[in-house]
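In the text below, chain A, chain B and the rest are named by the order of the sequence lines, each starting its count at 1.
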There are 2 protein chains.
Amino acid sequence: MGASKSESFSVEQNEMATLFKALSHPARIAIVDYLLTVDSCICGDIVNELPLAQPTISQHLKELKNANIIKGTIEGTAICYCINPDTIDKIENHFGMIRHKLKNKCC
Amino acid sequence: MGASKSESFSVEQNEMATLFKALSHPARIAIVDYLLTVDSCICGDIVNELPLAQPTISQHLKELKNANIIKGTIEGTAICYCINPDTIDKIENHFGMIRHKLKNKCC
DNA sequence: TTATTATATTGCAATATTACGATAAACAAA
DNA sequence: TTTGTTTATCGTAATATTGCAATATAATAA
C-alpha cells in the first residue's frame with residue numbers, strides 16, 4: 001500500500017501524528033530553530049540561512065504552516081514568519097499527559 | 001531526489017527529526033497511547049488492539065524501538081514493551097527550550 | 001519429537017516525501 | 001511601464017514509507 005490507514009485511528013491520534021510529521025525533517029527543525037534565534041519574527045532571509053534551494057524551503061514552510069507550527073503574515077514584499085505558541089502548547093500538553101500516565105507505571 | 005540532506009544539518013537537529021518521525025504515524029501514536037493505558041508494561045496483545053496486520057505492527061514497533069521511544073524485553077514467549085521515559089524527557093526538554101526562547105519574542 | 005504461540009523478516013505493490021529547475025505571481029521601486 | 005525582489009507553484013526524478021501475505025524464527029507445551 002503506502003497510504004496510512006488514518007481512518008482507523010482517533011482524531012486526536014491523527015492530529016498528533018500530523019504535528020510530529022511536520023517536525024520530522026531536519027530542515028523543518030532547523031527552520032524552527034532559526035525562528036527562535038532572533039528576538040522578533042523573521043521577515044525574509046530564511047532561504048539564505050539553510051543549505052537548500054528556495055522552492056524546497058518554501059515547501060517546508062508550507063508544511064509547517066499547514067500544521068500550524070508557524071504563522072506567516074505578509075509584510076510588504078516579504079512574509080513575516082513566527083512560531084505559533086498555541087501549537088507548542090498542544091504538543092507540550094501531550095507530553096505532559098504522557099509524563100502523568102508514566103508516573104503510575106513500572107518503568 | 002527524495003533523500004533528505006541530513007548531512008547539512010546538526011546532529012541534534014537530525015536526532016530530534018528522527019524522534020518526531022517515529023511519532024509521525026497514527027498507528028505509532030496509538031501504540032504509545034495503548035502502552036500508557038495499562039499500569040504495567042504490555043506483554044503481547046498489542047496486535048489485538050490495533051486494526052493492522054501483525055507484520056505491520058511489528059514494523060511500527062521496530063521503528064519505535066529504533067528511536068528509543070519504547071523498550072522491549074523478552075519475557076518468555078512474549079515480548080514486554082514499555083515507554084522509555086528517558087526519550088520522553090529528551091522531547092520534553094526540547095519543547096522546554098522552545099518555550100523558553102519564545103518568552104523573549106513578539107508572538 | 002511435534003505442535004502451538006508470539007514475534008520478526010522478506011518481498012513487493014501502492015503511495016508519499018524530498019529536492020530542485022523552471023516558471024509564475026505579487027508587489028515595490030525606478 | 002519595466003525592473004528587481006520575494007515567495008509560491010508546477011513538473012518530475014530519486015528515494016522513503018506503508019501495509020500485508022508469505023515465510024521464518026524462537027520459545028514453550030504436549
Side-chain angles (χ1 to χ4, degrees), chain A residues 1-9 13-14 17-32 34-35 41-67 69-82, chain B residues 1-9 13-14 17-32 34-35 41-67 69-82:
Chain A
M1 305 246 163
S4 75
K5 298 175 71 172
S6 58
E7 72 283 359
S8 304
F9 302 99
Q13 285 166 343
N14 278 292
T18 299
L19 283 181
F20 292 132
K21 183 181 279 182
L23 293 170
S24 73
H25 193 287
R28 295 194 288 270
I29 297 285
I31 288 171
V32 170
Y34 180 59
L35 289 177
C41 294
I42 296 296
C43 303
D45 83 353
I46 293 181
V47 170
N48 303 318
E49 283 295 317
L50 296 182
L52 294 171
Q54 180 268 324
T56 307
I57 291 176
S58 183
Q59 195 173 275
H60 283 308
L61 286 168
K62 188 180 180 183
E63 286 175 63
L64 288 169
K65 266 186 289 182
N66 286 344
I69 289 168
I70 65 176
K71 297 184 283 192
T73 45
I74 296 170
E75 195 84 19
T77 314
I79 291 189
C80 181
Y81 287 110
C82 58
Chain B
M1 302 243 164
S4 75
K5 298 176 71 172
S6 58
E7 72 284 358
S8 304
F9 302 99
Q13 284 167 343
N14 278 292
T18 299
L19 283 181
F20 293 131
K21 182 180 279 181
L23 294 170
S24 74
H25 192 286
R28 296 195 287 272
I29 297 285
I31 288 172
V32 169
Y34 180 58
L35 289 177
C41 294
I42 296 295
C43 304
D45 82 356
I46 293 181
V47 170
N48 303 319
E49 284 296 318
L50 296 181
L52 294 171
Q54 179 268 324
T56 308
I57 291 176
S58 183
Q59 194 174 277
H60 284 307
L61 285 168
K62 189 180 180 182
E63 286 174 64
L64 288 169
K65 267 187 288 182
N66 286 345
I69 289 168
I70 65 176
K71 298 184 283 193
T73 46
I74 296 170
E75 196 83 19
T77 314
I79 291 188
C80 180
Y81 287 109
C82 58

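- The distance from atom CG of L61(A) to atom C1' of dA8(D) is 11 Å, rounded to the nearest whole Å.
- For the pair A27(B) and Q54(B), both in contact range of DNA chain D, the more 5′-proximal nearest nucleotide belongs to A27(B).
- dT17(C) atom P lies 12 Å from atom NE2 of H25(A), rounded to whole Å.
- A 4.5 Å side-chain heavy-atom check between R28(B) and I69(B) finds every atom pair outside the cut-off.
- With distances taken from any side-chain atom of K65(B) to the nucleotides dA21(D), dT18(D), dA8(C), the minimum falls on dA8(C).
- Positionally, the nearest nucleotide of DNA chain D for H60(B) lies more toward the 5' end than for the other of H60(B) and P55(B).
- In the set dG19(D), dT17(C), dT9(D), the nucleotide with an atom closest to the side chain of L52(B) is dG19(D).
- Nearest-nucleotide positions on DNA chain C place T56(B) closer to the 5' end than the other of T56(B) and K21(B).
- Side-chain atoms of S58(B) never come within 3.5 Å of backbone atoms of Q54(B) as a donor-acceptor pair (strictly under, hydrogens ignored).
- The side chain of S4(A) has dT18(D) as its nearest neighbour among dT7(C), dT18(C), dT18(D).
- Dashed line: the shortest gap from a side-chain N or O of K62(B) to OP1 or OP2 of dT9(C) is under 4.0 Å.
- At a threshold of 4.5 Å between non-hydrogen side-chain atoms, the residues F9(A) and I29(B) do not count as touching.
- Summarising the geometry, the separation between CZ on R28(B) and P on dT17(D) is reported as 9 Å, rounded to the nearest angstrom.
- The side chain of Q59(B) lies closest to dT18(D), out of dA21(D), dT18(D), dC20(C).
- A straight line from CG of L23(A) to C1' of dT18(C) spans 17 Å, rounded to a whole angstrom.
- Of the candidate nucleotides dC20(D), dA19(C), dT9(D), dC20(D) has the atom nearest to the side chain of K5(A).
- Between Q59(A) and P55(A), the closest side-chain pair of non-hydrogen atoms is not below 4.5 Å.
- Rounding to whole angstrom units, CD1 of residue I79(B) and P of dA26(D) are separated by 12 Å.
- For Y81(A), whose side chain is taken as the heavy atoms from C-beta onward, the closest listed nucleotide among dC20(D), dT7(D), dT9(D) is dT7(D).
- Between F9(A) atom CZ and dG19(D) atom C1' there is a gap of 11 Å when expressed in whole angstrom units.
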>> Between I31(B) and L35(B), does the side chain to side chain contact (heavy atoms under 4.5 Å, CB included) criterion hold? Intermediate values first, please.
In response: CA-CA 6 Å; I31(B) 288 172; L35(B) 289 177; 4.3 Å; yes

